[in-house]
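For reference, the structure is listed below as structure tokens.
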There are 2 protein chains.
Amino acid sequence: MERHEELFVSIRKIIRAIDIRSRKLSKEAGVTGPQLIILQELARIKGVTAKEVSTQVNLSQATVTNILDRLESKHFIKRVRSESDRRRVALFLTDEGKEALLNAPQPIEESFVETFSALKDWEQFQLLSSVERIAEMMGASGIDAAPVLNLGDLDSHNQAQDNKND
Amino acid sequence: MERHEELFVSIRKIIRAIDIRSRKLSKEAGVTGPQLIILQELARIKGVTAKEVSTQVNLSQATVTNILDRLESKHFIKRVRSESDRRRVALFLTDEGKEALLNAPQPIEESFVETFSALKDWEQFQLLSSVERIAEMMGASGIDAAPVLNLGDLDSHNQAQDNKND
DNA sequence: GAATAATAATTAGTAGTCTAATCATTACAG
DNA sequence: CTGTAATGATTAGACTACTAATTATTATTC
């Protein structure tokens, strides 16, 4: 097998690992990975719009709507049509949503973060730049992907309100 | 942003790049990435079963059935129930399927393969082992992922017929 | 040889993801 | 002010992907 094929094997393993994590999350915490990421975003910026979320987490608006629908049907979020601009819909966590968020583990396997953080600095850098380089080579340079955002901050800094335009 | 978060950003970029490639493929060649991979597998082993494909390309049997349905409705494959063991269904490319396969580009962007292959050996190795290490850390060690298989071989070595059991 | 296991394929149901199209509303231009 | 842009959200339609359940068939066991 060629090197680049082996590379793809590993990439697909990573993709599956992420998928598996998401399903596990869904079973244990009642929310999937993407749902969790969006909940975190709503926690970070109160009254954020779907558009803003979609920019921040770098998913299409349609995907965000889709996920919001599910979160809403679980009563984890509220949609409030804006009065000043009736095209916009402001998004808020419900108490249930906050609860779910607090009880949910990280979207990434904790053990991964631990293991990774325990590596020497240059090793971390090594891994990171390898992956970045591959992303680059795959023409992914133009793509903006979202970080898997940090939890915390349920009630702090919701002042990052005004990022209307990119 | 933390290192491991940056890492995830890059991983997600890669995932999206693969997705984008698949959609492009679908538009230009009439088959998506996964469909192409499965077509290649059918080309490699004539009369392969869905079970075998699912093991080889490392997707669940249900997913394979799903993709086969689409390939069948495009008349790219034929399903033939085995006489000797009526649980099994042997899979074959139709002439149309072979045609599609020959005209389709690689599931991976050619430019990637070129760029990657042009790297020095130790660099390739470097990238590969970084990704492998990450896969490992993500608990993906138990996961068996398929290579994105090589085309070619439309009429050669179909002697790898007898891998019934893993 | 009949009951039980295992195996192969499929179906049912859920999710994420995208593009393109639609709808409502606001902004802008003349 | 009225008609055309642009913008934000949603809907429609495809596809991948999974687990669990079902169906049909073969293998095994008593």
Side-chain angles (χ1 to χ4, degrees), chain A residues 12 15-27 30-38 48-55 57-74 79-91 107 143 145-146 164-166, chain B residues 12 15-27 30-38 47-55 57-74 77 79-91 107 143 145-146 164-166:
Chain A
R12 289 183 48 165
I15 294 172
R16 289 194 81 188
I18 291 172
D19 186 44
I20 286 167
R21 172 61 172 172
S22 177
R23 284 172 208 275
K24 193 178 160 201
L25 220 56
S26 169
K27 223 171 210 166
V31 282
T32 65
Q35 287 170 15
L36 184 51
I37 290 172
I38 287 184
V48 70
T49 67
K51 180 68 201 305
E52 284 158 3
V53 171
S54 106
T55 307
V57 307
N58 223 266
L59 292 171
S60 75
Q61 229 167 315
T63 300
V64 171
T65 293
N66 194 356
I67 295 173
L68 289 175
D69 286 346
R70 259 176 228 117
L71 290 172
E72 194 177 35
S73 74
K74 286 178 187 163
R79 281 163 152 144
V80 182
R81 196 116 228 162
S82 157
E83 281 305 316
S84 57
D85 183 343
R86 305 196 45 70
R87 288 169 303 185
R88 287 162 182 257
V89 172
L91 302 166
I143 297 171
K164 254 106 202 174
N165 41 8
D166 0 337
Chain B
R12 290 185 45 167
I15 293 173
R16 290 194 80 191
I18 291 172
D19 186 45
I20 286 167
R21 173 63 172 171
S22 176
R23 284 172 207 275
K24 193 178 158 200
L25 222 54
S26 169
K27 221 170 212 170
V31 282
T32 64
Q35 287 170 14
L36 184 51
I37 290 171
I38 287 184
V48 70
T49 67
K51 180 69 199 307
E52 285 158 1
V53 172
S54 107
T55 307
V57 307
N58 222 265
L59 292 171
S60 75
Q61 228 168 317
T63 299
V64 171
T65 293
N66 196 352
I67 295 173
L68 290 175
D69 286 345
R70 257 177 229 114
L71 289 173
E72 195 178 34
S73 73
K74 286 178 187 163
I77 66 160
R79 280 163 152 142
V80 181
R81 195 116 229 163
S82 157
E83 281 306 316
S84 56
D85 182 343
R86 303 196 46 71
R87 289 169 302 184
R88 289 161 181 257
V89 172
L91 301 167
I143 297 172
K164 255 107 203 174
N165 42 5
D166 359 340

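All heavy atoms count here, side chains included; hydrogens, waters and symmetry mates do not. Every chain is numbered from 1, with letters handed out A, B, ... down the list of sequences.
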* Checking side-chain contact (heavy atoms from CB on, under 4.5 Å) for the pair B:Thr49/B:Arg87: CA distance, chi angles, key distance, verdict? -> CA-CA 10 Å; B:Thr49 67; B:Arg87 289 169 302 184; over 6 Å; no
Run the side-chain contact (heavy atoms from CB on, under 4.5 Å) test against [X] and tell me which residues pass, sequence neighbours left out.
| X | answer |
| --- | --- |
| A:Asp19 | A:Arg23 |
| B:Ser22 | B:Thr32, B:Pro34 |
| A:Asn66 | A:Arg70 |

* Structure fact -> From CG of A:Leu25 across to P of C:dA15 the rounded distance in Å is 13 Å
* **Interatomic distance, A:Glu83 CD vs C:dT26 P [rounded to whole Å]** => 10 Å
* To do: Would you kindly compare B:Thr65 and A:Ser60 by the position of their nearest DNA chain C nucleotide and give the one closer to the 5′ end?
  => B:Thr65
Base, sugar-phosphate or nothing for [X]? Non-hydrogen atoms, less than 4.0 Å.
| X | answer |
| --- | --- |
| B:Ser84 | sugar-phosphate |
| A:Lys27 | sugar-phosphate |
| A:Ala50 | sugar-phosphate |

* To do: Write down the atom of A:Arg79, the atom of A:Thr65, and the distance for their closest heavy-atom approach.
  =>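 Heavy-atom minimum between the residues: NH2-O, 3.6 Å.
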* For B:Asp85 and A:Asp69, take the nucleotide of DNA chain D holding the closest heavy atom to each; which residue's nucleotide lies nearer the 5' end? ->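 Going by which nucleotide is closer to the 5' end, it is A:Asp69.
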* So which nucleotide from C:dA9, D:dT19, C:dC18 ends up closest to the side chain of B:Thr49? ->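 Selected nucleotide (nearest to the side chain): C:dA9.
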* **Closest listed nucleotide, where the reference is the side chain of A:Gln61 and the choices are C:dA8, D:dT19, D:dA9** =>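 Nucleotide nearest to A:Gln61's side chain: D:dA9.
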* Distance check: side-chain N/O of A:Arg81 vs OP1/OP2 of D:dA9, anything under 4.0 Å? -> no
* Asked: Paired stems touching DNA chain C, three or more consecutive Watson-Crick or G-U pairs with both distances under 3.5 Å?
  ->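 Paired runs of 3+ in DNA chain C: C:1-4 with D:27-30, C:6-25 with D:6-25, C:27-30 with D:1-4.
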* Asked: Taking the side chain from B:Lys74 and the backbone from B:Gly30, do they hold a donor-acceptor pair closer than 3.5 Å?
  ->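 Here the side-chain-to-backbone pair exists.
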* To do: Examine the side chains of B:Arg12 and A:Asn58 and answer whether a donor and an acceptor come within less than 3.5 Å of each other.
  =>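 On atom types as modelled, these side chains do not qualify, holding no pair under 3.5 Å.
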What does the list of N/O pairs under 3.5 Å between the protein and nucleotides 14-16 of chain D look like, with a distance for each?
from: D:dC15; atom 1: OP2; to: B:Arg70; atom 2: NE; distance (Å): 3.4
from: D:dT16; atom 1: OP1; to: B:Thr32; atom 2: OG1; distance (Å): 2.2
from: D:dT16; atom 1: OP1; to: B:Gln35; atom 2: NE2; distance (Å): 3.1
from: D:dT16; atom 1: OP2; to: B:Gln35; atom 2: NE2; distance (Å): 3.3
from: D:dT16; atom 1: OP2; to: B:Arg70; atom 2: NH1; distance (Å): 2.5

Provide a list of protein-nucleic acid N or O atom pairs under 3.5 angstrom, restricted to nucleotides 2-7 of chain C.
from: C:dT7; atom 1: O2; to: B:Arg87; atom 2: NH1; distance (Å): 3.3

* Is any side-chain heavy atom of B:Leu71 less than 4.5 Å from a side-chain heavy atom of B:Val31? ->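 Yes, at least one pair of side-chain atoms sits under 4.5 Å.
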* Asked: Taking the chi torsion of C:dA5, is it syn (within 90° of 0) or anti (everything else)?
  ->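 C:dA5: syn.
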